[in-house]
Asks: 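Structure incoming, see below.
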Amino acid sequence: MYKILKAEKLADKIYLMDVEAPRVAKHCEPGQFVIVKMDEKGERIPLTICDYDREAGTITIVFQEIGASTMKMSKMIAGDYFRDFIGPLGRPSDFVEEDLETLKNKKMLFVAGGVGAAPVYPQVKWLKEHGVEVDVIVGSKTKDMLILEKKMNEVAGNYYPCTDDGTYGHAGMVTTKIEKLVEEGNKYDVCIAIGPMIMMKFTCLLTKKLEIPTIVSMNPIMVDGTGMCGACRVIVGGEVKFACVDGPEFDGHLVDFDNAMKRQQMYRTEEGRAILKVQEGDTHHGGCGNCGGDN
Ligand SMILES: Cc1cc2nc3c(=O)[nH]c(=O)nc-3n(C[C@H](O)[C@H](O)[C@H](O)COP(=O)(O)OP(=O)(O)OC[C@H]3O[C@@H](n4cnc5c(N)ncnc54)[C@H](O)[C@@H]3O)c2cc1C
Ligand code: FES
């Protein structure tokens with residue numbers, strides 16, 4: 001059992017929790033995620049590790065209430081327990097392995113959309129702790145929906161908030177801010193974009209034109225999160241990859257976003273899963289037998 005030490009509402013439908021999970025806190029790196037389960041019958045919910053404190057043995061998660069499970073989770077309070085808190089899962093961000101001197105010479109741009117600020121934060125924090133300052137664009141619909149602003153400001157070199165309705169920071173989407181920064185003479189060696197798939201798709205279309213290599217963190221439907229079922233299948237460079245073990249980070253210019261978005265919708269229904277099974281064969285469902293798939 002994993003105790004919730006803090007539960008806080010950050011914005012409308014967005015919540016933060018600190019959870020006691022010493023083993024995950026000891027081993028996790030930026031870019032990785034956990035799968036949580038509230039009780040024995042609960043759904044498995046993948047969530048990116050937003051922050052970690054190795055000494056205190058805690059993990060911070062930030063989640064958006066979008067469906068039944070996240071709605072139920074938003075009602076949990078400090079002192080409640082998660083039945084399961086599995087992780088760290090997925091591969092850490094590539095830069096964790098990179099030579100620090102090479103990294104310091106790179107100009108990096110992070111782009112976060114909505115609750116995507118949560119997974120971007122540990123990466124920017126890790127880089128700051130290792131002496132690398134990066135530019136960060138965070139987009140949200142309105143000022144009230146911007147999250148983790150203070151924390152992000154503390155670790156970012158330059159921090160650029162954007163709001164769709166123009167109530168704060170740059171008025172417009174993250175893509176128009178990227179264009180503006182490049183027009184102003186900024187040259188980026190790499191862009192890391194995390195947020196809704198549609199935002200990552202349009203960011204990639206732009207950065208391809210601007211010739212900025214781009215990494216995205218894919219968030220397909222997941223079930224086991226350990227490579228056994230193929231629910232999280234994405235096409236990258238024409239090849240089938242499982243986001244939970246091969247990712248979740250991939251070269252954004254090689255990701256087939258249209259397929260990923262269509263798949264995410266189809267996986268919701270039994271009929272959709274049946275069609276996917278025919279279309280995708282073995283790579284649709286390896287057969288873990290426990291995940292509610294229809295093999
Ligand atoms: C690796 C990974 C990391 C993630 N990190 C975070 C995070 O840090 N914070 C966070 O808020 N969410 C994150 N997500 C998404 C999160 O897991 C889903 O929002 C959650 O499982 C939805 O559960 P639900 O039962 O509340 O909604 P459901 O009832 O399952 O779905 C409600 C609606 O949301 C859509 N939906 C479901 N899952 C996703 C998804 N993965 N992405 C986009 N739309 C979806 C469905 O199509 C449906 O329309 C992550 C997903 C993955 C795979
Ligand atoms: S969730 Fe990735 S293989 Fe099952």
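This is a predicted model, so every value here is computed, not measured. Read the numbers this way: they start at 1 and go in the same order the structure lists the ligands and their atoms.
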Asks: Any N/O/S of C244 under 2.8 Å from atom 4 (Fe) of ligand 2?
Replies: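 Within the cut-off used here (under 2.8 Å), C244 places no N, O or S atom near atom 4 (Fe) of ligand 2.
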
Asks: Of L47, I35, N219, L89, which has the heavy atom at the shortest distance from atom 10 (C) of ligand 1?
Replies: L47

Asks: Specify whether W126 and H130 have parallel, tilted or perpendicular ring planes, treating 30° as the upper limit for parallel and 60° as the lower limit for perpendicular.
Replies: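 Correct class here is parallel.
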
Asks: Would you mind finding which of G230, G90, P46 brings a heavy atom closest to atom 3 (S) of ligand 2?
Replies: G230

Asks: Are any of the N or O atoms of P46 closer than 3.5 Å to those of ligand 1?
Replies: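 So ligand 1 has an N or O lying under 3.5 Å from an N or O of P46.
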
Asks: Could you check whether K177 pairs with E179 (Lys NZ or Arg NE/NH1/NH2 to Asp/Glu carboxylate O, under 4.0 Å)?
Replies: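 So K177 does not pair with E179 through a salt bridge.
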
Asks: As an exercise, identify every atom of ligand 1 less than 4.0 angstrom from a heavy atom of I221.
Replies: 37 (C), 38 (N)

Asks: Taking a cutoff of less than 4.0 Å between a non-hydrogen atom of the residue and any ligand atom, is A118 in contact with ligand 1?
Replies: no

Asks: Taking transitive links into account, so neighbours of neighbours count too, which hydrophobic residues share a cluster with Y81 at under 4.5 Å side-chain distance?
Replies: M1

Asks: Specify side chain, backbone, both or neither for E43, according to which of its non-hydrogen atoms lie closer than 4.0 Å to ligand 1.
Replies: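 Answer for E43: side chain.
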
Asks: Near atom 2 (Fe) of ligand 2, is there an N/O/S atom from C229 that is less than 2.8 Å away?
Replies: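 Checking C229: none of its N, O or S atoms is under 2.8 Å.
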
Asks: By salt bridge (charged side-chain N to carboxylate O under 4.0 Å, His left out), which residues pair with D246, not counting sequence neighbours?
Replies: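 Expected list: none.
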
Asks: Within a distance under 4.0 Å of any heavy atom of M228, pick out the atoms of ligand 2 and give their elements.
Replies: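 Within the 4.0 Å cut-off of M228, ligand 2 contributes 3 (S).
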
Asks: Where's the contact between R233 and ligand 2, heavy-atom distance under 4.0 Å: side chain, backbone, both or neither?
Replies: neither

Asks: Report yes if F33 has an N/O atom closer than 3.5 Å to an N/O atom of ligand 1; otherwise report no.
Replies: no

Asks: By number and element, which atoms of ligand 2 are closer than 4.0 Å to a non-hydrogen atom of G227?
Replies: 3 (S)

Asks: Would you call K143 and D165 a salt bridge, taking side-chain N to carboxylate O under 4.0 Å as the test?
Replies: no

Asks: What part of I14 sits under 4.0 Å from ligand 1 if we count only heavy atoms: the side chain, the backbone, both or neither?
Replies: neither

Asks: Out of the candidates V245, I35, V24, only one should pair with L89 under the side-chain contact (heavy atoms from CB on, under 4.5 Å) rule; please name it.
Replies: I35

Asks: So is M222 polar-close to ligand 1, meaning N/O to N/O under 3.5 Å?
Replies: no

Asks: Do E8 and K6 sit within salt-bridge range, that is, some charged N less than 4.0 Å from a carboxylate O?
Replies: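 Salt bridge: yes.
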
Asks: So which of K75, Q64, E65 actually passes side chain to side chain donor-acceptor pair (under 3.5 Å) with Y15?
Replies: E65

Asks: Short list, please: which atoms of ligand 2 are under 4.0 Å from a heavy atom of V223?
Replies: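 Near V223, meaning under 4.0 Å from one of its heavy atoms, ligand 2 has 1 (S).
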
Asks: By number and element, which atoms of ligand 2 are closer than 4.0 Å to a non-hydrogen atom of D224?
Replies: 1 (S), 3 (S), 4 (Fe)

